[in-house]
2 protein chains.
Amino acid sequence: MGKTTMADVAKKAGVSKSTVSQFLNERYEYMSPDTRIRIEAAIDELNYQPNYLARSLKQKRTSTVGIIVANIMHQFSTEVSRSVEDYFNKHNMHAIVCNADNDPEKEKKYIEMLRAKQVDGLIIFPTAQNADIYKNMIKEEYPVVFMDRKVPDLQAPTVVSQNIEATYSAIQHFIDNGHERIAIATEPLTISPRIERHEGYKKALHANGIKINPEFQISTSIDKIKKELDRLFQLDAPPTAILAGNDIVFIEVLEFAKEKKLEVGESFALVVFDNIPFAHFVHPPVTTIAQSAYMMGEKAADLLLKQINKEQIDRHEVSFPCELIIRDSSKRLKEK
Amino acid sequence: MGKTTMADVAKKAGVSKSTVSQFLNERYEYMSPDTRIRIEAAIDELNYQPNYLARSLKQKRTSTVGIIVANIMHQFSTEVSRSVEDYFNKHNMHAIVCNADNDPEKEKKYIEMLRAKQVDGLIIFPTAQNADIYKNMIKEEYPVVFMDRKVPDLQAPTVVSQNIEATYSAIQHFIDNGHERIAIATEPLTISPRIERHEGYKKALHANGIKINPEFQISTSIDKIKKELDRLFQLDAPPTAILAGNDIVFIEVLEFAKEKKLEVGESFALVVFDNIPFAHFVHPPVTTIAQSAYMMGEKAADLLLKQINKEQIDRHEVSFPCELIIRDSSKRLKEK
DNA sequence: CCGGTTTACTAAATCGGTTTAGTAAATGAA
DNA sequence: TTCATTTACTAAACCGATTTAGTAAACCGG
């Protein structure tokens, strides 16, 4: 015998399916107290659980949204996802998180899958490699919000960090502490945050009259970061300070330091873009640039829900400031 | 104008819905090559995407399973989830991860939500507080696999670690390194892994003829761990070694050490139950007990899929060994 | 006590697919 | 040439809800 359906409840309570449906949707005006009690009893007795699929099919809404993160290993993605989930739970909706693993193919697959499942909207950390798909969603007016990364040539609601300003202030902090040979290491410049972080870097050096040394700008894939760092430290004048472009690059820097027996904070100063949960346990405690992950998640969720509810919203970027949290790894330069 | 449906495609291709459905399900024997091409063209032209809700409603399967983790902050849960996802993706199915946040109410809500969404089965890290619900699912023969924690009095497929043996070997390692005053710290003894870890602890001490000191057994909520540790270290004979019962307790131990200016590995030896991603960056590198997360995920997924496919499976526990990874934090005892 | 309103319902259509049973035309064997 | 089989489809029922339009009975004011 299959699961109990609304029809079973209706029969048991001696009413029609319609009335049971009204009951479930709490439209009690449409029935007598007596009927209401009988339906309640029947539901109880049969241990009836409604089938959301059927409901969603008819209502054309699933009360579910999708989140596609580019890389679940980033602390930032996790924090944003959590925030989005909280927001939607408050609004009696659900959020499904998928990990595109930085792979445009996977991203595409997930977008298609989630849309086939009829989720009401998507928050995407875009790989930015699926321009046609993004464009199409916008054209169809399917509810989407982009997060963290701007998609070129696309007028779409996007929530980002103020990367240029944040990087600028980190570099300024280095300079204020006497550093001049400052390096930056990020993954390849394929997405806007990385490009902007390099931009902020150059701007700060320039504003302080420090000549930009292209050798000090690393932008390569994770597996090559250590090799590049090695190259830097072979120079006659190696960097005295490094900005690690995100938490994953940070790990590489740590491993590099360990292998080469360099002391973070002693051999070179370090600032990391991104919050590190272990920031004050690693030795020494590391200076970080914290993004407003929770607020950004809320904002994105809010923009998405407004679209779902057919409210008008601005179709461009909203940016959030970052906070430089100074710990021991970026102390004043000792020797010149 | 709404989304394109199968009916639109059928009309455009000049065939019936049935034939389009056959096409989508790749049952090409049922149509001429000519028809096939016309349907293909129509789908393309209309940019048609099938609606999974409708399909699932009729087929009574969603090709989706749910994973309910007790606490997403545990590295172990994340690894297992990832493994389960990989497994189901290989089988053309999807996995949805939900976080019960150690809250039985949330767990209940998620079980109900996922079942209402008609997921084909569930993998649960149970809070063990919803016995009636678990029992009911087993009785209904709804596909479920429990993970990490045994539910008392329930004959259900369950995948767990060999906690007693693993803890035993960690304590033996301490003893072999000259420690006798060994403490264990876990969260409250409400679920089987914690109980078993205390059990393995006692067994190892007993086997080595060391008297068990109940004061050295901490089992309290996270926010009280530090207070208890403080109590321990106020003793005339404080512990020289500590086993942290999981990665979250580990953080507390680290914070405690930091606050009290104690040196991990010097002031006391430390082993952590659970893999720590930063294990070799914290100072000193910390000895851990690694669970076979990936294999456990695969096994659970396999047991679940078999149930979904109505294959017969054993309705009891499968246990996996752990590995003691010795690093610097559990070095030989120096002073007596 | 008559016509209109309110109350308390129900029947049937609908959502967008899948699936079953059936059919007309073409092919093939005797 | 005729009957059986195969080929290439289609109509309609179905999955389990929601929702719209409709109705019978009770109520009610004049």
Take a 6.0 Å sphere around NZ of A:Lys90 and say whether it holds more than 12 heavy atoms from other residues, nucleotides or ligands. yes
Between the side-chain atoms of A:Lys17 and the base atoms of D:dA17, is any donor-acceptor pair under 3.5 Å? yes
Counting side-chain heavy atoms from C-beta on, which of C:dG16, D:dT18, C:dT18 comes nearest to B:Asn25? C:dT18
From the list C:dT14, C:dG17, D:dC9, which nucleotide is the closest neighbour of the side chain of B:Pro50? C:dG17
Assess whether one donor atom and one acceptor atom, taken from the side chain of B:Ser18 and the base of D:dA11, lie less than 3.5 Å apart. yes
Please determine if A:Arg115 and A:Asp120 form a salt bridge, counting it only when a charged side-chain N lies under 4.0 Å from a carboxylate O. no
Of the listed nucleotides (D:dT20, D:dT18, D:dC9), which one gets closest to any side-chain atom of A:Met6? D:dT18
Under 4.0 angstrom, heavy atoms only, what part of the nucleic acid is A:Val15 near: base, sugar-phosphate, or nothing? sugar-phosphate
With sugar-phosphate meaning primed atoms plus P, OP1 and OP2, does B:Ser56 contact a base, only sugar-phosphate, or nothing at under 4.0 Å between heavy atoms? nothing
Just checking A:Phe88: does its CZ atom have more than 12 heavy atoms from other residues, nucleotides or ligands closer to it than 6.0 angstrom? yes
Please report whether the ring centroid of A:Tyr134 lies less than 6.0 Å from that of A:Phe146. yes
Taking donor-acceptor contacts at under 3.5 Å, does the side chain of B:Lys60 reach the base of D:dC15? no
Testing D:dT18, D:dA17, C:dT10 for proximity to the side chain of A:Thr5, the answer is D:dA17
Check every strand shown and say whether B:Tyr48 touches a base, only sugar-phosphate, or nothing at a heavy-atom separation below 4.0 Å. sugar-phosphate
